[in-house]
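Values in this document were obtained by computation on a predicted structure and should not be read as measured data.
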Amino acid sequence: DAKTTQPTSMDCAEGRAANLPCNHSTISGNEYVYWYRQIHSQGPQYIIHGLKNNETNEMASLIITEDRKSSTLILPHATLRDTAVYYCIVRVGQAGTALIFGKGTTLSVSS
Amino acid sequence: EAGVAQSPRYKIIEKRQSVAFWCNPISGHATLYWYQQILGQGPKLLIQFQNNGVVDDSQLPKDRFSAERLKGVDSTLKIQPAKLEDSAVYLCASSFWGGSSYEQYFGPGTRLTVT
């Protein structure tokens, strides 16, 4: 699986959009971009995933560049409960494939 | 729907003792994973089961760690004997095999402290 690069930490004011970047310059054509987050003392939680097109669900939006070498996870209106470690993971889109986690980005949302 | 259940939530043991963790995946999920998460790091896969067969155990320290998934449902992970460096959170996750869902669902984890 391709490696990803994320900033170690980011801050965001409550109510503002949080934009979390991820670089995956060696991504292969059959690999998807997945985002998970881990709130303190909980297990990781799936947020969103995409292949080429931008994706949106009730939690977040995922913007993937045309060359697919980077992506951005957008939390449109961050709340204090969004404070967590966010992991960007690249892997083939096959159910039953294990996840390879990096260190992720610690997002701190403050009031 | 009920989530992935794990027990115990916390465990403190002395080095060289043994310990076992239990996981009950989401009903119908054929694939089960055990991850180890050391403080400050992302989770690392230890072992993956498909039903009751092992798919990947390449990162499992087999001299001290063992895992089983009897009847393709519940799973146990055992450490014997424990070392100080085994202090970590042990996460169980499950997912469907096949179909269009690519999510893994994680349990709350078991925090192990080895003294």
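Remark: A:Leu80 CG is packed, more than 12 non-hydrogen atoms of other residues, nucleotides or ligands lying under 6.0 Å away. No more than 12 heavy-atom neighbours from other residues, nucleotides or ligands sit within 6.0 angstrom of NZ on B:Lys71. Within a 6.0 Å sphere centred on CD1 of B:Ile12, other residues, nucleotides and ligands contribute 12 heavy atoms or fewer.
B:Leu91 places a side-chain heavy atom less than 4.5 Å from the side chain of A:Pro44.
The candidate with the highest count of non-hydrogen atom pairs below 4.5 Å against chain B, out of A:Tyr34, A:Tyr36, A:Tyr32, is A:Tyr36. For the options B:Arg111, B:Arg9, B:Lys44, B:Gln48, heavy-atom pairs under 4.5 Å to chain A are most numerous at B:Gln48. For chain A, the option among B:Gly109, B:Pro43, B:Gly42 with the highest count of heavy-atom pairs below 4.5 Å is B:Pro43.
The part of B:Gln37 that comes within reach of chain A is its side chain, from C-beta onward, which places non-hydrogen atoms under 4.5 angstrom from that chain. When heavy atoms are compared at a cutoff of 4.5 Å, B:Gln104 approaches chain A by way of both its backbone and its side chain.
Each of B:Ile47 and B:Val73 belongs to its own hydrophobic cluster when Ile, Leu, Val, Met, Phe, Trp and Tyr are linked at side-chain heavy-atom distances under 4.5 angstrom. Residues A:Trp35 and A:Met59 share a hydrophobic cluster, clusters being chains of Ile/Leu/Val/Met/Phe/Trp/Tyr side chains in contact below 4.5 Å. The hydrophobic cluster containing B:Tyr33 does not contain B:Phe49, counting ILVMFWY residues as joined when their side-chain heavy atoms lie under 4.5 angstrom apart, directly or transitively.
With hydrogens and angles disregarded, a donor-acceptor distance shorter than 3.5 Å links the side chain of B:Tyr35 to the backbone of A:Leu99.
Remark: B:Phe106 CZ to A:Gln42 CD distance equals 13.0 Å, nearest 0.5 Å.
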